[in-house]
Protein chains: 2
Amino acid sequence: MARRSDHSRDEIKAMAIAAAAAILARRGVQALSARQVAKDIGYTVGTLYLVFKNLDELILHVNAATLDELAQLLREELHRHVEPQPALRALAQRYWEFAQQQHARWSLLFTHQLAVNAKPPAWFATKVRQLFAMVEEPLQQLHATQSSHERALVVRALWGGVHGVCALALSDKLRWGEEVATPELLDSLVTNFLHGLLQG
Amino acid sequence: MARRSDHSRDEIKAMAIAAAAAILARRGVQALSARQVAKDIGYTVGTLYLVFKNLDELILHVNAATLDELAQLLREELHRHVEPQPALRALAQRYWEFAQQQHARWSLLFTHQLAVNAKPPAWFATKVRQLFAMVEEPLQQLHATQSSHERALVVRALWGGVHGVCALALSDKLRWGEEVATPELLDSLVTNFLHGLLQG
DNA sequence: ACCTGAACACCGTTCAAGT
DNA sequence: ACCTGAACACCGTTCAAGT
C-alpha cells in the first residue's frame, strides 16, 4: 500500500487518469470502475474521492486527455497537406483510425453524460473547439463560406457527419446487405458534401 | 405479488419490455435496472431471468421496439412526400425529432454493446435494414447511383452523417462559439451532400 | 494531514427452496 | 410448474478511525 505523502494530490490525479485510460484501452468501458482504478495506482478507493469529486469528474479528465491526443493526431495530419480538399478527406480517415483503435476511449467522449444539471466546464468546451478548429482551417481555405454563421454551420454539419459514419460503423449498424468499407463511406460523404458546398 | 400462471411467458416478456421502455422515457438510462423492471411489472428479479437470458437480451428487445417505432415514424413521413429531395430533408428532421424526444431510447440503440463475442441476431439486423430502406427509396428516385454498391455506399454515408449530427447535438459537443440550430445543420448536410452527388 | 477500511445502498445473476 | 427470496460478487460513495 502506498504510504501518505508518497505522492502529491496532482500526482495521484495524473496517475488515476492514466490508469483509467489504460483500463479503457485494454479492457473496455465495462472494466472501468473507481475500485479498479484505485487498485491499479496502489491506493484505496477512498483516496480517489479525496482527489476527485466523483467518478464522473475522473471520466471528464480522461475525456480531456483523449481530446488532446485526438487534436494532436489531427494537427499532425493537417500539416501534411496543402490542398484543403485532400486535407479534409485525410482528417476524416485519421478520425476513423483513432475511433477504431481507441474504441472505448473515443466512444466515452460521447456516451458520458454528466449529471442532469451539470454543464461541462469551460476548459472542456475549449478542447472540443480546438478539435473542430482542425477542420475549420481547410474549410476556410476553400472560400466557400460567406458569413461566420455559415462557417459555424458547415464545420458542424461536415464533422457531425464524419462522426456519425464512424459511430454507426463501430456500433455495427451498417453491416447488413452489401458490405461497404468505412474509409470509402467517409470519402463519399466528405467529397459529395464539399462538391455540393462549392457549387451551391 | 403476482401469482404463478397470472401471465404467460410471452406476456411477462412483453410487460418487461414495455416497463423498460417506460423507465427509459421517464427517468433515463441510469434508472434502468433488472430489479426496477421486475418491480414495475410485479414480479421478482428472478422471474426476469426465467424469461430473458440476461439484461442484455431484454435491452435487445427494447431496442427492437424502438427501431420499429422509428421506422413507422419515418414511413409516415416518407408517404407525405413525392419529390425525393424534400423527402430526404424531412426524414432527417423526423429522425432528429425522435432522437430529441426519446433521447434515452434512441441513444441506447447505439451505445448498447453486446458481449464481445455475440453478434446481434438476424432479425435485429433486418429491423435496422428496414430503417435504412426508408432512406433508400427517395435516393433511388434521384437516379444518381449506378451500381448496387454505389447505392449501398450512398445510403450509409448520408444516413451515417445525419445520425452523427444528431448524436453530437444531443451530446452537447456542438455548443461552443456561435450557436447553430440542429435542423439547420441537418438541412445543410443533406442538401450539400445531394447536390454533390447529383453533380459529381 | 493523509489515507484506510468498513459501511451503506445499490447492481447483475444464480439457484435452492417454497407453493 | 412457476416463482420467490436469499446469496454471491460486484458497484459508487461516505466517513469515522487510524497513523
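Sequence lines set the chain letters: A, B, ... in the order given, protein chains first and strands last, and positions in each chain run from 1. The structure displayed is predicted, hence computed values, not measured ones.
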For this session: Check A:Trp123, A:Phe132, A:Phe124 against B:Trp176 for a ring-ring contact (aromatic ring centres under 6.0 Å, His included) and give me the one that passes.
Result: A:Phe132
Exercise. Would you say A:Leu91 and A:Trp159 make side-chain contact, with heavy atoms under 4.5 Å?
Worked result: yes
Seminar exercise, completed: On DNA chain D, more 5' by nearest nucleotide between A:Gly46 and A:Arg35 is A:Arg35
For this session: Quickly work out the A:Lys39 NZ to D:dA9 C1' distance and round it to whole Å.
Result: 12 Å
Exercise. Does C:dA7 have a Watson-Crick or wobble partner in any strand here, with both distances under 3.5 angstrom, and which is it?
Worked result: D:dT13
Exercise. What nucleotide among C:dG12, D:dT4, D:dT13 has an atom nearest to a side-chain atom of B:Ala34?
Worked result: C:dG12
Problem set entry | A:Thr47 side chain, from C-beta outward: closest of D:dG12, C:dT13, C:dT4 | C:dT4
Exercise. Does C:dT19 have a Watson-Crick or wobble mate here (both distances under 3.5 Å), and if so which one?
Worked result: D:dA1
Exercise. Among C:dT4, D:dC3, D:dT13, which nucleotide sits nearest the side chain of A:Asn54?
Worked result: D:dT13
Exercise. Whole-Å distance between C:dC3 P and A:Asp6 CG?
Worked result: 8 Å
Exercise. Which sits closer to the 5' end of DNA chain D, A:Ser33 or A:Leu50, going by the nucleotide each is nearest to?
Worked result: A:Ser33
Exercise. Between A:Ala169 and A:Leu174, which heavy-atom pair has the shortest distance, and what is it?
Worked result: N-CD1, 3.8 Å
Seminar exercise, completed: A:Ile41 CD1 to C:dC2 C1', in whole Å, measures 14 Å
Seminar exercise, completed: Closest of C:dT13, C:dT4, D:dC3 to the B:Leu55 side chain is C:dT13
For this session: From the options C:dG12, C:dT4, D:dC3, select the nucleotide whose nearest atom is closest to the side chain of B:Tyr49.
Result: C:dG12
For this session: Look at the side chain of A:Ile12 and decide which nucleotide, out of C:dC11, C:dT14, C:dC3, has an atom nearest to it.
Result: C:dC3
Exercise. So A:Tyr95 and A:Trp106, would you call those rings parallel, tilted or perpendicular, with 30° and 60° as cut-offs?
Worked result: perpendicular
For this session: Flag the pair A:His163 / B:Lys173 as yes when at least one side-chain heavy-atom distance between them is below 4.5 Å, and no otherwise.
Result: no
Exercise. Which nucleotide, C:dT13, D:dC3, C:dT4, lies nearest any side-chain atom of A:Tyr43?
Worked result: C:dT4
